[in-house]
Amino acid sequence: MKLATWNVNSLKVRLPQVLDWAGKHQPDVLCLQETKLENDKFPAPEIRAAGYEPLANGQKTYNGVAILAKSAAADAVTAIPGFADEQKRVLAATVGGVRVVCAYVPNGESIESDKYQYKLRWLAAFRGWLKDELARHPRFAVLGDYNIAPEDRDVYDPKAWEGQVLFSVPERDALKSLLDLGLKDSFRLFEQPERSFTWWDYRMNAFRRKMGLRIDHILLSEELAKACTACVIDVEPRKNERPSDHAPVIAELKL
DNA sequence: ATGGTAGAAACTCTA
């Protein structure tokens, strides 16, 4: 079973790239973030034609998540229970006996921003929900754009990024506290190339200069981590014309 | 000295 995640930064713009990529890599589950589409605008027919059943939780202009699955998805949840949030950032569903959470964690803007406080509050609520879901589902995966780089090696210039949003200690601690629930960063289960990143700013030729951060992650429960045989970042779509600023991440499971 | 780019939508906000 292949699980994948990709922040597409507008599904309207990126739909052809998403269909092309899914056709090539054939993930069983593809989690998308920043779809920026209301559900009634979601391109469900095109996605069905490509062999995927879509689940969408979107809004206009900002945010929005979706799960594309090769087999039927059940028991969808579209919000963090008990956390009032206008922003569409989560979607959970059960696919092929695996409970999948697709998440778009708030960016935070800067550590001085109100949005940063929202990010930390959001992560605390998210943790509570994941704990509950994990208790009920031993086969549990949390995929998405976390907007947090865990370690120095996940940042092209950790000195310059120290204390900045996406790499500040409170954010990294929040990510650690998700792992402390009993989740594994699937990417680090394996030997990986140096300078492995999933996001590069559109500005300053950041991609060409390898100035990236690894902020998109696939976290796996113990049971799924044991079954995980590979996790890779596919940088190829970042080279496309009109690319997303994020690259997809794929984890392969032998279930 | 505070850019630069991209997306959506409205002439600005978010990332």
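Keep in mind that this is a model prediction, so the values were computed, not measured. First the proteins, then the strands, lettered A, B, ... as listed; each starts at 1.
- A cation-pi arrangement is found for A:R172 relative to A:F167, the charged atom lying closer than 6.0 Å to the ring centre and inside a 45° cone about the ring normal.
- Among the atoms of the strands shown, only primed sugar atoms or phosphate atoms (P, OP1, OP2) are found under 4.0 Å from some heavy atom of A:Y104.
- Judged by distance alone, the side chains of A:S244 and A:Q17 never bring a donor and an acceptor atom under 3.5 Å apart.
- When every heavy atom of A:A227 is checked against every heavy atom of A:L255, the shortest pair comes out as CB-CD2, 3.8 Å.
- For B:dC11 and B:dT2, the C1' atoms lie 22 Å apart once the distance is rounded to whole Å.
- Look at the C1' atom in both B:dA10 and B:dA1: the space between them is 30 Å, to the nearest Å.
- The aromatic rings of A:W199 and A:H246 sit tilted, their planes meeting at an angle between 30° and 60°.
- Contacts between residues 150-167 of chain A and DNA chain B, counted as heavy-atom distances below 4.0 Å, involve no residue at all.
- Checking A:D245 against A:K60, the closest nucleotide of DNA chain B that is more toward the 5' end is the one next to A:K60.
- Using a 4.0 Å cutoff to heavy atoms of chain A, the contacted part of DNA chain B runs 5' to 3' from B:dG3 to B:dA15.
- Between A:D201 and A:D145, the residue anchored closer to the 5' end of DNA chain B is A:D201, taking for each the nucleotide with the nearest heavy atom.
- The heavy-atom pair separating A:T198 from A:I215 by the smallest distance is OG1-N, 3.1 Å.
- In the hydrophobic clustering, A:V13 connects to no other residue, as no ILVMFWY side-chain heavy atoms lie under 4.5 Å from its own.
- Comparing the P positions of B:dC13 and B:dA9 gives an interatomic distance of 16 Å, to the nearest angstrom.
- Ring pair A:W129/A:F126 is tilted by interplanar angle, where 30° to 60° counts as tilted.
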May I have the step-by-step check of side chain to side chain contact (heavy atoms under 4.5 Å, CB included) for A:L220 and A:L183, ending in yes or no?
-> CA-CA 5 Å; A:L220 299 175; A:L183 296 168; 6.0 Å; no

